[in-house]
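Let me begin by presenting the structure, written as C-alpha cells, before commenting on it.
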There are 2 protein chains.
Amino acid sequence: MTTGARTVGGDRMAAICQGIRRAIIEGALLPGDRLPEDALGESFGVSRTIARHALGQLAAEGLVDLRRNRIATVTAPTPADARDIFDIRVALERQVVQHLAGHLSADQVAVLKDIVQQEHDARHGPDGASIRLATEFHIRLAEMTSKPILVRYVTEICYRAGLSLAALARPHSSECAISEHLALIDLIARGPADKAADMMAEHLEAVATRALLSGDRSRSRDLVNILQPYAKG
Amino acid sequence: MTTGARTVGGDRMAAICQGIRRAIIEGALLPGDRLPEDALGESFGVSRTIARHALGQLAAEGLVDLRRNRIATVTAPTPADARDIFDIRVALERQVVQHLAGHLSADQVAVLKDIVQQEHDARHGPDGASIRLATEFHIRLAEMTSKPILVRYVTEICYRAGLSLAALARPHSSECAISEHLALIDLIARGPADKAADMMAEHLEAVATRALLSGDRSRSRDLVNILQPYAKG
DNA sequence: GCGCTATAAAGTGTATGCACTTTTGCCATG
DNA sequence: CATGGCAAAAGTGCATACACTTTATAGCGC
C-alpha cells in the first residue's frame, strides 16, 4: 500500500500495463529507461511476480525490451521502425474509416468532437498531453467499429506510434493535427468511404512527416555522429 | 525432465508458446480446449510459473482466452472474428508484397518454391499439415521484407487466421492454394507491385471464401442441430 | 429416480525464497 | 593517474507454498 493505485477488485496486472503505457506515450518514460521488476512492483504495490508478468505483456506489445537476465527497458524505436509502424497504422486505420464512413451516429460525432476540444484546450500545455489525446481520438474511432480484433491492433499500433513520436519527434509538432481531426470527423460522417480513408491516410502521413522528417532526435544517441564535429581538432 | 522438450540453454517459455501455437494451427488443439497451468507445465517440464507466463503471451496474441479464476482455453473465433482477421491480414500482406515486388533474389524464390513443394507433397496427408505449410509460406514471405515489426504482425495474424480455419472451415478446402502460391511467387518476382498486391488480396479472399463461406462447422457444436436427424426414430 | 446441497478436489492468484547472472564500485598495480 | 580485476550489490529466472475461487462429486431429502 505504497501508492494510491489500488484498483483492488480489478486486475492489478492490467493496471500496471496501463500505467506504463500511459507514461510512455506521454513521454514520462523515454526509450532506454530502465524498468526493474522490484521497483515496478513496489511503486504499484504488488510483488515482483505481477510486475514481471506485466512487463511480459508490454514486451509482446513492443513497448518494452526484454532480454534474458537484463533489466527491462522502454523500447527505443529506430527511424526505420517508426516508418514501418506508420505504414501499418495507415493500413489499419484506413479499414477503420472504411467501415465507419457514413455510419457515425450523432452521439459518436459528439464524443469525437469532445476529444478534439480537449486537444484544443491542451495545445499549449505539456507536450505529452497532446500526444495522449491525439492517440485517444484514433483509438475511440477504432472502437466505434465494434470490431474487437481491429480495435486491438489499432490500439497497439497507436501506442507504438506514440512511443516513436515521443522518441524521435521534435517538440511541438502536433499543432495542425487538431484541425485535421475535425475535418476527418466531418468527412467520415458524410463523405464517401474511399475519400474518407484517403484523408485518414494523408493525415497520418502528415503527422509522421511533420514529426519524423527533420527533427530526428535519434542522432543524439549515436556517439559517432555526435562527436564527429569535435573530432577534427 | 519428463519429456524431451529440453531446449536447455534457450527460453523455455518461448518453447511452450511455439508448441501451443503449432498445435493450434495444426488443429491438434481445438477452440474451447482447456489448458490448465499445471498440466501444461508438467508436459513441458517446467513449473506453473512459466506455463502461466506463456499463457499470458498467447492470450496477448489472441490464441488463448484467459478469464479470471478460470482455466485458460483455446480461443473460439466467431465467423465475424474470422472475417475481421482476414480483412486485417489482407491489408498487412498487401504491404509485404508491395515491399517485395521486383526485389526477390533467386535464393528467396527457391526457398518459397521449396515450401510450395512441401505443400504439394502434403496435400493428401493430414489436414493440419497443409494449413501449417500454407501459413509458413506467408510468414517466410513476410520475413523477406526484413521489417521486424511487419513480420511480427503478419505472423500473429496468420496464426489467428489458421485458428479460424481450423475452427470454422470445412475439411480439404485448401487444395487450390498450392497453384495460387506458385503464381504468387512468379508475380512477386517479376510483375508490378500493384498487380502482385492485388493478387495476394485475391488469394487471401479466395482462401477465406472457400473455407468459411458454407462450411461453417460451428453449427456442429450445437447439439440441437447435431441430433436433429436422430430425433425422429 | 431426480434435484439440491454440502464437501472435497482441482485450479488459479500471488508472495516469497533461493540460485544464478549481470552490474557496480573499489582497490591494487603498473 | 589510468587500468585491470575482484568482490559486493542489484537484478533476474524459476520453483514452491498458501489463500481463495471455481468445479466436480457424492450424499441427502423428496
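Here is the naming used below: chain letters follow the sequence lines, and residue numbers restart at 1 for every chain.
Side chain of Ile50(A), nearest nucleotide from dG11(D), dT16(C), dT14(C): dT14(C). Counting only heavy atoms from C-beta on, Asn69(A) has its side chain closest to dT22(C) among dA15(D), dG13(C), dT22(C). Closest to the side chain of Arg70(B), out of dT22(D), dT14(C), dG13(D), is dT22(D). Of the candidates dT12(D), dT16(C), dT23(D), dT16(C) carries the atom nearest the Ser47(A) side chain, counting heavy atoms from C-beta on. The side chain of Val46(B) approaches dA15(D) more closely than any other nucleotide in the set dA15(C), dA15(D), dG11(C).
Straight-line distance from the NE2 atom of His53(A) to the P atom of dT12(C): 12 Å, rounded to whole Å. Taking atom CZ of residue Arg52(A) and atom P of nucleotide dA15(D), one finds them 11 Å apart after rounding to whole Å. Taking atom CG of residue Leu40(A) and atom P of nucleotide dT12(D), one finds them 10 Å apart after rounding to whole Å.
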**Message:** Applying salt bridge (charged side-chain N to carboxylate O under 4.0 Å, His left out) to Arg70(B) and Glu37(B), what does each step give before you reach the verdict?
**Reply:** CA-CA 11 Å; Arg70(B) 294 244 167 24; Glu37(B) 295 171 359; over 6 Å; no

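Checked against side chain to side chain contact (heavy atoms under 4.5 Å, CB included), Glu143(A) has the following partners two or more places apart in sequence or in another chain: Ile139(A), Arg140(A), Val151(A).
Nucleotides of DNA chain C nearest to Arg48(B) and Arg34(A) differ in position, and the one nearer the 5' end is that of Arg48(B). Between Thr49(A) and Glu37(A), the residue anchored nearer the 5' end of DNA chain D, judged by the nucleotide with its closest heavy atom, is Glu37(A).
Contact annotation: Arg68(B) reaches the phosphate of dT14(C) (side-chain N/O to OP1 or OP2, under 4.0 Å). In this structure, Arg12(A) reaches the dA15(C) phosphate: one of its side-chain N or O atoms is under 4.0 Å from OP1 or OP2.
Checking side-chain atoms of Arg152(B) against main-chain N and O of Ala60(A) turns up a donor-acceptor pair under 3.5 Å.
Between Ile85(B) atom CD1 and Leu163(B) atom CG the span is 7.5 Å, to the nearest 0.5 Å.
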